[in-house]
Trainee: 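Quick one: the structure is below, and I'll ask about it shortly.
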Amino acid sequence: MDMNQYLSMFIDESNDHLQALNENMLELEQAPDDIGIVQVIFRSAHTLKGMAATMGFEDLSSLTHQMENVLDLVRNEKLKMQDFIFDTLFKALDALQDMVEDITEGGEGKSDVSSIVASLQSIVRGDFASGGAAETSAAAPAAEQAASSAGISLDQYQYSVLEQSISEGHSVLYINVSIREDSQLKAARAYMVFDLLERYGDIVKSNPSVQDIEQEKFDRSFSLYYITQKEADELQSMIMNLSEIESADVTQLDHETLEQLASAPKEAAATVAAEPEQKKAEGKDAAPAKAEQKKAAAHHHGSAMPSRTIRVDIDRLDVLMNLLSEWLIDRARLEQLASEVRRSDLIETVEHMSRVGSDLQNIVLKLRMVQIDTVFNRFPRMVRDLAKSLDKKIDLIITGAETELDRTVIDEIGDPLVHLLRNAVDHGVESTSERIAAGKPETGTVNLRAFHSGNHVFIEIEDDGHGIDRDKILKKAISKGVVTESEGAAMKDEEVFMLLFASGFSTAEVVSDISGRGVGLDVVKTKIESLSGVVSVESKLGKGTKFSVQLPLTLSIISAMLIKVGAEKYAIPLSSIVETGLIQRSQIRQVHGYTMIPYRDAHIPLLSLASLFDVPDYDENAEEESEIVVVRKGDRLAAVSVEDFIGQSEIVIKNLGKYLPAIQGIAGATILGDGQVALIIDPNAFIK
Amino acid sequence: MGEELKVIVFKLGEEEYGIEVDKVQTIERMMPITRVPKTFSFVKGVINLRGVVIPVIDLRGRFGLPESEYTDQSRIIIVTANDMEVGFIVDSANDVIDINSDIIDTPPDVVGGVKAKYLRGVARISEERLLVMLNLSEVLNRSEIIQLESLEG
């Protein structure tokens with residue numbers, strides 16, 4: 001069967017599931033006892049496994065299978081989540097993500113995951129926790145006893161030694177000793193037991209280990225496998241004769257009981273951890289437990305809601321958008337004709353059509369809007385990993401993830417935001433020790449906010465770190481020759497901070513693999529500007545830093561001022577126009593070779609569109625007055641002289657076609673109501 | 001035996017040229033062209049072809065031939081090649097013929113002032129009729145233009 005037609009669906013859904021897995025894992029990390037979340041995770045993993053197997057991606061499905069095994073134990077409360085398991089599962093998720101990416105790029109999704117598989121398997125076997133066992137037992141004293149009575153896990157060698165001893169007629173004993181609760185010298189008592197036993201035979205294995213017992217890292221009982229010539233009863237009385245021993249169970253083992261004991265602990269060890277939880281839930285706290293169950297049920301319900309959305313190929317939306325913009329052009333033409341014909345019923349119909357058209361345009365634009373969550377959703381995981389690798393404690397607080405942005409912007413904004421976030425985590429927030437020294441809370445906070453304002457969307461990344469050191473930046477900028485010392489001294493703080501975005505500028509003292517990779521914030525700035533956005537910084541030394549990114553809501557339709565020069569029409573985006581006006585040509589001054597005009601209390605450069613674009617049939621010098629458009633880039637202003645204003649209009653941005661190289665000062669083209677093409681001016685290019 | 005080709009025939013001056021029909025999107029009469037500043041002189045500007053903005057070049061100018069006034073016969077041939085849509089202004093376009101690729105010979109160095117690298121070959125249709133087949137991907141080669149630009153600039 002040809003699977004290609006299903007491939008894109010598979011990729012989409014896999015990404016969804018991976019995302020869901022990531023999110024739920026993070027949630028679970030906050031509430032490790034919530035079995036409800038585990039259920040959701042399990043189901044996602046299960047679906048993913050099924051899809052991967054159907055599509056023939058063996059590695060993908062086998063890795064998910066191993067994850068499922070672990071999750072299954074957790075789900076059935078046979079295993080308790082802990083750091084090691086989280087880390088392994090996250091690693092597995094990363095590997096899955098890589099595979100899906102590989103498949104997306106046409107690969108076969110193959111990858112060497114043997115080490116992850118091995119750790120997952122060891123979790124399932126229950127023997128990963130040799131280091132963590134002490135912790136578990138300390139946390140759950142009841143569990144310890146259960147473990148000791150259930151037996152000790154043996155490795156193959158120990159098992160075969162015991163088995164051989166039984167065959168050779170030695171008596172193999174399983175001994176469980178409890179020391180009196182009021183004993184002050186548990187380790188010493190245990191030592192006496194060991195000493196006694198060692199005189200009459202060999203201890204094959206003890207639980208906890210001898211070292212742990214010596215360091216008193218056990219509750220009050222321990223158990224061991226013992227090979228001796230003595231009888232069980234005799235040994236028991238000998239142990240009981242030692243002081244402060246509460247009980248000593250000695251069991252004689254044969255082949256069968258040995259096998260049972262040796263295999264039991266695997267399960268026992270797993271059940272043990274969950275047991276206290278269960279007991280608690282079953283006990284007097286029945287009510288909260290029920291509430292918790294309810295919560296879990298609600299959780300399921302939430303995710304099981306049938307989705308009210310459909311997937312649409314982005315190309316189809318683009319086609320729809322193109323058709324609509326063609327229609328917009330016809331509409332403008334019809335409006336023009338109707339006003340010429342002057343028939344009232346025609347005018348009425350055209351007006352109605354215009355209104356419907358505007359609604360249609362809004363809907364189509366909305367269709368292209370995507371929640372910024374699709375970009376934000378990978379950040380919690382990223383920040384968690386970064387913070388962990390830097391050994392910092394950081395809370396990422398996301399607000400406004402439901403803010404919507406045009407699809408084209410969404411696709412491009414991810415990388416710059418990743419850069420800014422990494423920057424905040426790496427350079428913004430101080431190390432834990434520095435924070436404590438500065439009297440700040442140990443855990444740093446990074447706020448990621450998105451919100452609408454007017455025709456723009458703002459994204460802010462704010463950390464409560466040490467802020468930007470003005471002097472440090474100036475020193476660096478001066479040493480790199482970006483500014484001179486006197487220039488630097490006169491600069492406002494904001495201007496100094498903007499130096500961070502100058503190319504080749506990185507102030508980190510230590511180049512880390514997280515954000516100091518040579519390419520710095522200049523790349524971020526370029527990218528954001530290519531999206532017609534603006535980036536700015538605010539910072540207070542010792543208090544923190546805030547990066548703000550301002551983006552246009554949509555890139556495909558903008559408000560523009562249409563102007564005329566000679567026979568040619570141009571469009572200037574309204575977003576960069578400060579005002580329009582009229583000047584006497586006698587006011588024009590030549591200053592240092594620049595043409596300047598007085599504007600408010602200052603002089604600003606005057607640029608002639610006719611000469612910039614070599615417009616053939618217009619000579620403004622012959623006029624007495626000139627129409628000007630004052631445009632802005634950042635806080636710099638310039639005036640552009642034109643022949644006439646036509647008016648304001650919503651225009652659809654089109655590109656000039658691939659054949660033409662990028663032309664300075666031209667941002668694209670649009671089609672006017674009369675069907676003619678007008679070029680869109682990029683005033684930013686005029687202001688240096 | 002070579003393959004059968006359907007070819008659009010157009011004229012620049014007295015010479016007849018051919019482009020395979022599957023590379024041609026449409027043939028349009030002359031229409032208003034919006035001038036694009038700061039670009040090559042043979043780029044006449046952009047047109048609105050049913051909602052899509054398409055750059056238009058004067059094929060005479062592209063080949064370094066003297067440009068002439070547009071007439072009623074002038075046409076814009078919209079071609080698609082190398083993922084680009086471009087309009088060619090030609091003196092006239094009024095024929096579609098079938099030729100066999102076998103009759104296409106390698107072109108001499110220069111045909112009617114057009115350099116050989118822009119040509120795929122010359123097809124002899126009859127004793128007195130020659131058809132010059134264009135090599136579209138060379139004609140639309142931008143890297144060459146960019147080089148040209150840096151030489152001029």
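On a predicted model such as this, the values are computed, not experimentally measured, just so you know. Labels below follow one simple rule: chain letters A, B, ... track the order of the sequence lines, proteins then strands, and each chain is numbered from 1.
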Trainee: Among residues 28-37 of chain B, which residues come closer than 4.5 Å to chain A, judged by heavy atom distances?
Mentor: B:Pro32, B:Thr34, B:Arg35, B:Val36, B:Pro37

Trainee: Kindly check if the number of other-residue, nucleotide or ligand heavy atoms within 6.0 Å of CZ (B:Arg129) is above 12?
Mentor: yes

Trainee: Which atoms of B:Val46 are under 4.5 Å from chain A, going by heavy atoms: the side chain, the backbone, both sets, or neither?
Mentor: both

Trainee: Between A:Leu656 and chain B, with a heavy-atom cut-off of 4.5 Å, which part of the residue counts as in contact: side chain, backbone, both or neither?
Mentor: both

Trainee: Does A:Glu340 have more than 12 heavy atoms from other residues, nucleotides or ligands lying within 6.0 Å of its CD?
Mentor: yes

Trainee: List in chain and number order the residues that pass side-chain hydrogen bond (donor to acceptor under 3.5 Å, both in side chains) with A:Glu625, two or more places apart in sequence or in another chain; answer none if no residue qualifies.
Mentor: A:Gln584

Trainee: Need one label for A:Leu612: side chain, backbone, both or neither, based on atoms under 4.5 Å from any heavy atom in chain B.
Mentor: backbone

Trainee: Let me confirm one number: the OH-CD1 distance from A:Tyr659 to B:Ile57, rounded to the nearest 0.5 Å.
Mentor: 4.0 Å

Trainee: Quick one: list whatever passes side-chain hydrogen bond (donor to acceptor under 3.5 Å, both in side chains) with A:Lys564, sequence neighbours left out.
Mentor: none

Trainee: Please report the interatomic distance CD1(B:Ile54) to NZ(A:Lys654), rounded to the nearest 0.5 Å.
Mentor: 10.5 Å

Trainee: Does any pair with a residue in residues 68-84 of chain B pass salt bridge (charged side-chain N to carboxylate O under 4.0 Å, His left out), and if so which ones, sequence neighbours excluded?
Mentor: A:Lys658-B:Asp83

Trainee: Considering only heavy atoms, which portion of A:Leu660 lies under 4.5 Å from any heavy atom of chain B: side chain, backbone, both, or neither?
Mentor: both

